[in-house]
Amino acid sequence: MENEFEKIIITKEQIKEIVQRLGKQISLDYKGKDLVVIGMLKGAMPFMMDLIKEITIPIQIDFMQISSYHGGTTSANIVFKKDIEINVMNKHVIIVDDIVDSGITMNEVMSLFATRKIASFEAACLIDKPSGRRLDFKPKYVGTTIEGGFVVGYGLDYDERYRNLPYVAILSKKIYEK
Ligand code: IMP
Ligand code: MG
């Protein structure tokens, strides 16, 4: 399995540092506020689970699922598959995702929440890949920023594989270019 990856870019130890840092920051920023943390299924799952355990203020959590018709390394048309169940009116919202690449997903989610009379909207992502942007978007809480490449692990998939890895690695081009 090792040569499926070019290299590991976020180790288990670095993930721990990231979730501690972001959890602490979110706890400070939203002290005394009504916060709902919403995870994007399925990619955000491992990151979300670790992150919320580092948040020390009372919060609510929920999940939403969007699918973009793709099996490969680019996002395409977006379809909303599962909505949240919590009423978010007048509440502060943080959307958690594995990665912000083109920014299309986050822009779609932001437009949806704009219709829901929320108090504020921010995003938290494990990885920011600004070089991939097609629509402007700036996640406030970022684990790490990468230049490019296709990454897998800790929620991130290639064709539904590799989500269970406890680290993030750059997938070898020979896996997705064959
Ligand atoms: P965006 O809509 O292009 O910003 O991309 C968001 C979604 O595309 C993420 O939630 C991922 O599911 C997927 N994605 C983008 N880049 C990568 C990557 O390098 N590895 C795995 N999934 C990715
Ligand atoms: Mg995905």
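For ligands, and for the atoms within them, numbers begin at 1 and follow the listed sequence.
- Contact atoms of ligand 1 toward Thr105: 1 (P), 2 (O), 5 (O), 6 (C) (distance under 4.0 Å to a heavy atom of the residue).
- Contacts between Met106 and ligand 1 below 4.0 angstrom, taking non-hydrogen atoms only, are absent altogether.
- Under the 4.0 Å criterion applied to side-chain N and carboxylate O atoms, Lys173 and Glu6 are not assigned as salt-bridge partners.
- Between Tyr176 and Tyr158, the angle of the ring planes lies from 30° to 60°, which puts this pair in the tilted group.
- Ring geometry for Phe121 against Phe113 counts as tilted: the plane angle lies between 30° and 60°, on a 0 to 90° scale.
- Taking all heavy atoms of Phe150, Phe137, Tyr158 into account, the minimum distance to atom 22 (N) of ligand 1 is reached by Phe150.
- Between Glu122 and Lys138 no salt bridge is recorded (no basic side-chain N to carboxylate O distance below 4.0 Å).
- Contact between Val152 and ligand 1 is absent, with no heavy atom of the residue lying under 4.0 Å from the ligand.
- Side-chain contact, Glu4 with Tyr162: a donor N or O sits under 3.5 Å from an acceptor N or O.
- Checked by atom type, the side-chain pair Lys91/Gln60 shows a donor-acceptor distance below 3.5 Å.
- At least one heavy atom of Lys129 sits less than 4.0 Å from an atom of ligand 1.
- Closest non-hydrogen pair, Met48 versus Asp62, comes out as CE-O, 3.8 Å.
- The backbone and the side chain of Ile99 each have at least one atom closer than 4.0 Å to an atom of ligand 1 (non-hydrogen atoms only).
- For ligand 1, none of its N or O atoms has an N or O atom of Leu156 under 3.5 Å away.
- Those atoms of ligand 1 with a heavy atom of Gly103 less than 4.0 angstrom away are 1 (P), 3 (O), 4 (O).
- Salt-bridge annotation for Asp136 and Arg133: absent, with no side-chain N of the basic residue lying under 4.0 Å from a carboxylate O of the acidic one.
- Of the options Ile104, Asn107, Asp98, the smallest heavy-atom separation from atom 9 (C) of ligand 1 is shown by Asp98.
- Checked by atom type, the side-chain pair Tyr141/Asp29 shows a donor-acceptor distance below 3.5 Å.
- Not a single heavy atom of Gly43 sits under 4.0 Å from any atom of ligand 1.
- Residue-ligand proximity, Asp157 to ligand 1, at heavy-atom distances under 4.0 Å covers atoms 21 (C), 22 (N).
- Annotation for ligand 1: atoms under 4.0 Å from non-hydrogen atoms of Asp97 are 10 (O).
- Near Ser102, meaning under 4.0 Å from any of its heavy atoms, are these atoms of ligand 1: 1 (P), 2 (O), 3 (O), 4 (O).
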